[in-house]
Structures are given as structure tokens and as C-alpha cells.
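Numbered from 1 within each chain, the chains take letters A, B, ... in sequence-line order.
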Number of protein chains: 2
Amino acid sequence: MSVLERSHLKIIQEVAREGSLTAAGLRLNLTQPALSHAIRKIESQLGVKIWRREGRSLALTQSGEWLLSLANRLLPQFELAENRLEQFANGERGTLRIGMECHPCYQWLLKVVSPYLERWPKVDVDVRQKFQFGGIGALFSNEIDILVTPDPLYKPGLKFTPVFDYELVLVVGAQHPLKDEKFVVPEQLSGETLITYPVPSERLDIYTQFLQPAGIAPRQQKQIETTDIMLVMVAHGRGVAALPRWLAEEYASRFELYPLKLGKKGIAKQIFLGRRETDEEIRYLVDFIEFAASLDSEI
Amino acid sequence: MSVLERSHLKIIQEVAREGSLTAAGLRLNLTQPALSHAIRKIESQLGVKIWRREGRSLALTQSGEWLLSLANRLLPQFELAENRLEQFANGERGTLRIGMECHPCYQWLLKVVSPYLERWPKVDVDVRQKFQFGGIGALFSNEIDILVTPDPLYKPGLKFTPVFDYELVLVVGAQHPLKDEKFVVPEQLSGETLITYPVPSERLDIYTQFLQPAGIAPRQQKQIETTDIMLVMVAHGRGVAALPRWLAEEYASRFELYPLKLGKKGIAKQIFLGRRETDEEIRYLVDFIEFAASLDSEI
DNA sequence: TACAATCATGAAAATATATCATTATTATTC
DNA sequence: GAATAATAATGATATATTTTCATGATTGTA
């Protein structure tokens, strides 16, 4: 059976350090008889002598020397562990697992994460994008801690906070006939090639909020994974794409792009951050959301 | 303060392994409430949640995952330690520190040690030759465990056992005029160069038991550290030396040497092994002495 | 030889741990 | 959807362990 405990190793270490039970007891906040009894007990349980009385103090036996080296090896690891856990407890340390449900959110997230990592040097951030049961499911199953989504779902146990407003615009290239329009109407896209991220159209606002209500479909749809390639295609007149205005502006320095309002009023969107209500006390987690919201104006 | 104990790590490991308190309790010979209470207690002491109820079983939190990896790292070391200590307890494992007080004993010891290491595969042997307060002092101060000496000193707390009988002989080279004598008398050495190990003459039997009683001194004395060189010198007629007969015979194949009785009756010697009486129960130690004694006839 | 400093010991007190009996929660099944 | 089975949580009690206190034993020192 298991007899050797951390406390025993501590006693061995401290007695070896001080050379006497009385002195070691002082450091351990224990009396000399407490140590004497403790030693006697583990010696009899382990079946080995750990100390031998040498005059009026104690000297380690061979087994004792061996145990001391064990103690010196293991005790620091216990102490490190407790320090770490204290940081976990204080919410200073942890891993923030962020789940993403919208492609362009990724560009936004990148801008938030790096200053956040400065604020929380002991917090690691992990970004995930695929979820078996959707982003909400991933939140509930503790697969992620924060969900970045444009579609909040107000369910009990979850809390969503809007952190960023943006406008969804249509982006066209320099040779495109619509490039100087103030806005586009659905009918103007019926002959176009629409480039989108590879997600079902019911999750694309350009469909749900613009084309479908008008009963229009684009001539062709192409799915492309990355924003960069998507915009290269747009810039060369291979199609048009719907993206956040700020994102289009960001790429404007690299490609000649023209952002057009979708409809007369444009399509306003928000990014929300969702979390479990039970995570209320996790400081670095709640702070991520507050911090992200405070950055809104700057992006 | 220190709260994390080995037993806690064991609980964490076992619950993680089994996924439920009930099952883990079975393996740990504890009831489910015992584990429930234990967990609650360390969670409150550490200030972190380790598990979260997931349906009707438990899932580790981030802190819990971290603790589990700690447990997987540290627990095997505790187990290894207890196995080791059991071997120490059974006297299967240890280090036998052998002290030597006589030069030629070294040759004898070599013959004993190698079969002994076969008998006790987990015992290490360490041979030491210099002692600040003499061999006996080294035994008493636990600097060594066994003393190899031709001069036992019967003191309380020590036990000496004769393990080997031999005859001290004078060794001369092939050109030496005495080489065919049956024995030598002290006077025959008065013109000789006597080669000895570098120790005070009061610790050399050739002086104490042969030359001094007759009031004779050799013409010259040379001190040489190693037996090999000593015998090279003797073989080339540069002097004579006093050595155990068996040692002279061993070297006879390499050098042409002639062993002569010292006095009509010769000088009979014994090697003794001394140990502390308190080491009675150390099996491998007591066995070393018995084993050495049993080899007497073979050497 | 007395004295001071240490460890050892045994009984009692204090604390910690484990159990029992029960309740609460949550999947599963009919 | 209600009954059931499997699980964890809880609180009171019992048990075990650890610690202390008071004292005795040992040993080195003045």
C-alpha cells in the first residue's frame, strides 16, 4: 500500500537540512514529538531505518539518503504545481479556447488577440473552427470557452455580447461595370459570379438578407477558403464577394477594390462573443469580452 | 501551505481513469462519499474546481487536466521509490562500503568481490583506502561498512571475523643467493634492500614480527606503491620483499620469483573482516563476510 | 557531576478521514 | 412522461491519524 506522502518527504528534507528534529519542527510549525512520531511511523511502515541517532542529533542511513534525493527531486514539483494552481484560481492563468463561426471574424480576431496576450501574459489562446455540433454545442460541451459569431442564440446558460459593428458590402474589381455605383440591388447580381467562403448559403448573409428575399440567385457561385485568394480573384474581375467593409478597406492598399452598399441602406452586421454564464468568475475570460468590446472604435 | 498530497494525486488519477467516483472508490478501497468529500476539500483548499459535473459523471476542468498530468508524472516516482525501499528493507539492495587497511589485501579482495557482485546484483561495492581516524574510526563513524584488516581490534560494538589464512614469505629473484634456502633468518637480511608498501614500519609484519625482535635492520628500504612494480624490482634483483605466499605464487607465472619462509616456522597471518554489531540485520553485508570466509580454501 | 540540549515515549486532545444513510440529479426505458 | 437505475452530494457519526503535552532517557559540555 501507499505510505509515502508528500508530508513525509518534507519532513525528511527539513530534518536533513536542520540536522535536528527540534529545529526542523520550528520550520514546519510542528513540535519535536510530532516529528519523532511521524518518523517512527513511516520507518516502521516502510520497514527501513531512515535515521540513525548520532550522538544527540540524527544522521541519514543509506535509505535515508536515497529518500532525501527523492524529496529534493519531487518537492519542488509539488510547489510549482501549487503556484500554478494559485494562478489558475486567481484567473491569471489558463487557456482561452476561442471558437469561430464566421470566416471574416478571423481577421477581426487577429487584431484583438495580440494586444490581449500582452494584457494576460500567462493566458494561452487557442482558436478552433470546426465543431461537430455547431458553435453553441461546442460552448455547452466545454469544447471552447468563447464563441465568435454573427448569430447570437439567446439560450439559458449562455451570454452573448456584441463587440463589433460593421457593414457588409459587395466588393468588385476595377474593371467591374458597377464599380462606381452608390449601391447595388439584388437584380444586378443575377449575372455575376459570387465568391463566398465554403459554408452553406443559409449561413451567408448575402443570401439570407439580400438575394433570397428578392428571389434572385447569382449566375454562378465559387467557394474559396481564404480571404486573400478571394480578393485576388475579385481584383481580376473573376467575380464579386460580400465582405465586411473594414476588411475590404484593409485590403485596398494591396488590390484595387470597390466596396458597394448592399441595397440602399446597406446591411449592418455585428460580431458577438458568447460564453457560458458559469464562467462569470474567470477573470481573463470575462476580460477578453470586455476588452474586445472596448476596441470596437479602433478597428 | 502545503495541501496537495500524494493521496490526492492518486484520487485524481483514479477518478480520471474510471470516470466516476463509485468506480474509482472501488479501486481505491474507499466509498464514493469518501472521494466526494476529499475532492470537495482539496478543491476548496486549492481554490480551483478540479471537476465539473457532466451529466451524471465528472469531467476534468483545465486545472484538473493540469493536475492529472502532474499525477501521471509524479505517482510512478513514488511507486518506484517504495519498491526501492522494499529492496533496501529486505537487504537486497544497498552499497557496501569496504575499507582496506593492508596493501596485499587488495589482491585478495578483488577475488572476492566479483563473485559477490554476481550473488547480489542490486548491491554496489565501494572500496576506500584512506581514513582520517584509521580503519576502526571509519567503521565507527559509518564512513565504511566493512573493514579489511590483518589487525583486528576487539572493541565493543565491532565484530571481526577471520576470513583468510596465509603465510607471509620473503620473495627473492632468480639471481639471489638465498633463492634455494628453505627459510631465512633475520641476520640474512641485514645486507639487503627491503622493498615495502609505503606504510610506517610498525604496520609491517616483516619488521614487527621478524626483524625488530632480532634487532636487525635491512641495509636499505624502498617504498613502492604497487605490487606489480615491486615484483618487477625483486625479479631484477633490486631488492627483496615480504608478501603473502599465494600472491607470490600468482605472480610466479610472470616473473621468476622464489618464496622463502621467514624463520624456521614461517609467519602465519590472517585477514579479518570487521563490521559494526548493529549491522547484524543487513543481509548483504553479513553475507559478504560469510561468503568471503567460505572462499578461503579456493584462493 | 551537574547542566543543557537533544530525542523518545505514552496518554490525551485535536484534527482529519471514512462510513452510513439519505437526498438530489440525470440518463434511460417503457 | 413517469418510473427506474445510476450516479454524485450531503450531513451526522464513527474511526483513524496526527499533534500536543508532560515527562523520561541519552549524550555532549562546562
Side-chain angles (χ1 to χ4, degrees), chain A residues 1-12 14-46 48-61 64 133 137 140-142 155-157 276 278, chain B residues 1-12 14-46 48-61 64 133 137 140-142 156-157 276-278:
Chain A
M1 279 287 88
S2 306
V3 295
L4 207 52
E5 285 289 336
R6 175 191 185 180
S7 55
H8 300 141
L9 294 183
K10 189 71 198 164
I11 291 175
I12 288 165
E14 226 36 86
V15 173
R17 180 195 152 100
E18 297 290 332
S20 92
L21 298 191
T22 319
L26 239 70
R27 287 176 57 88
L28 294 168
N29 293 314
L30 287 173
T31 57
Q32 169 268 315
L35 296 186
S36 185
H37 281 139
I39 286 168
R40 200 144 313 278
K41 192 176 173 202
I42 56 172
E43 282 188 337
S44 84
Q45 282 182 313
L46 292 173
V48 295
K49 276 254 165 297
I50 301 175
W51 281 280
R52 139 174 56 75
R53 266 197 83 154
E54 192 101 308
R56 64 180 163 203
S57 71
L58 296 171
L60 287 168
T61 62
F133 304 107
F140 268 120
S141 69
N142 273 277
K155 282 202 174 187
R276 289 177 295 274
T278 52
Chain B
M1 277 292 88
S2 305
V3 294
L4 207 51
E5 285 289 335
R6 175 191 185 178
S7 56
H8 300 141
L9 294 182
K10 189 71 197 164
I11 290 174
I12 288 164
E14 221 44 79
V15 173
R17 179 194 153 98
E18 297 289 331
S20 92
L21 298 192
T22 319
L26 238 71
R27 289 175 56 88
L28 293 167
N29 293 315
L30 288 173
T31 57
Q32 170 267 315
L35 295 186
S36 185
H37 283 141
I39 286 169
R40 200 143 313 276
K41 191 175 174 202
I42 57 172
E43 281 187 339
S44 85
Q45 282 182 314
L46 292 172
V48 294
K49 277 255 165 298
I50 301 175
W51 281 279
R52 144 174 52 76
R53 264 195 85 153
E54 192 101 310
R56 63 182 165 200
S57 71
L58 297 170
L60 287 167
T61 62
F133 303 108
F140 268 120
S141 69
N142 272 277
R276 289 177 294 276
E277 277 175 352
T278 53

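Rounded to whole Å, atom C1' of C/dA24 lies 14 Å from atom CG of B/Leu21. Note: CD1 (A/Ile50) to P (C/dA8) measures 12 Å, nearest angstrom. Rounded to an integer number of Å, the gap from A/Glu43 CD to C/dT9 P is 11 Å. With rounding to whole Å, A/Glu18 atom CD is found 11 Å from C/dT6 atom P. At whole-Å resolution of the value, CD1 in A/Ile39 and P in D/dT19 are 12 Å apart. Rounded to an integer number of Å, the gap from B/Arg52 CZ to D/dA8 C1' is 15 Å. Between the C1' atom of C/dG10 and the CZ atom of A/Arg40 lies a distance of 13 Å, rounded to the nearest Å.
Between B/Glu5 and A/Arg6, the shortest heavy-atom contact is OE1-N, 3.0 Å. Nearest heavy atoms, A/Ser57 versus A/Gly19: CB-O, 3.5 Å. For the pair A/Leu35 and A/Leu21, the tightest heavy-atom approach, listed with the atom from each and the gap, is CD1-O, 3.3 Å.
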Which letters describe nucleotides 11-21 of chain C, given B = protein heavy atom under 4.0 Å from base, S = only from sugar-phosphate, - = neither? B----SSSBBB

Treat primed atoms plus P, OP1 and OP2 as sugar-phosphate and everything else as base, then score nucleotides 25-30 of chain D 5' to 3': B for base contact with protein heavy atoms under 4.0 Å, S for sugar-phosphate contact only, - for none. --BB--

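Within the nucleic acid shown, B/Ser36 comes within 4.0 Å of at least one base atom, counting heavy atoms only.
With values rounded to the nearest 0.5 angstrom, B/Trp51 atom CH2 is found 9.0 Å from B/Thr61 atom OG1. A distance of 6.5 Å separates CD1 of B/Ile42 from CD1 of B/Ile11, quoted to the nearest 0.5 Å.
Phosphate proximity of C/dC7 to A/Ser57: absent, as no side-chain N or O sits under 4.0 Å from OP1 or OP2.
At a threshold of 4.5 Å between non-hydrogen side-chain atoms, the residues A/Leu46 and A/Leu4 count as touching. Contact check for A/Arg53 versus A/Leu58: side-chain heavy atoms found under the 4.5 Å cut-off.
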Just do the salt bridge (Lys or Arg N to Asp or Glu O under 4.0 Å) check on A/Glu43 and A/Lys49 with the steps written out, would you? CA-CA 6 Å; A/Glu43 282 188 337; A/Lys49 276 254 165 297; 3.7 Å; yes

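Formation of a donor-acceptor pair under 3.5 Å by the B/His8 side chain with backbone atoms of B/Ala38 is not found in this model.
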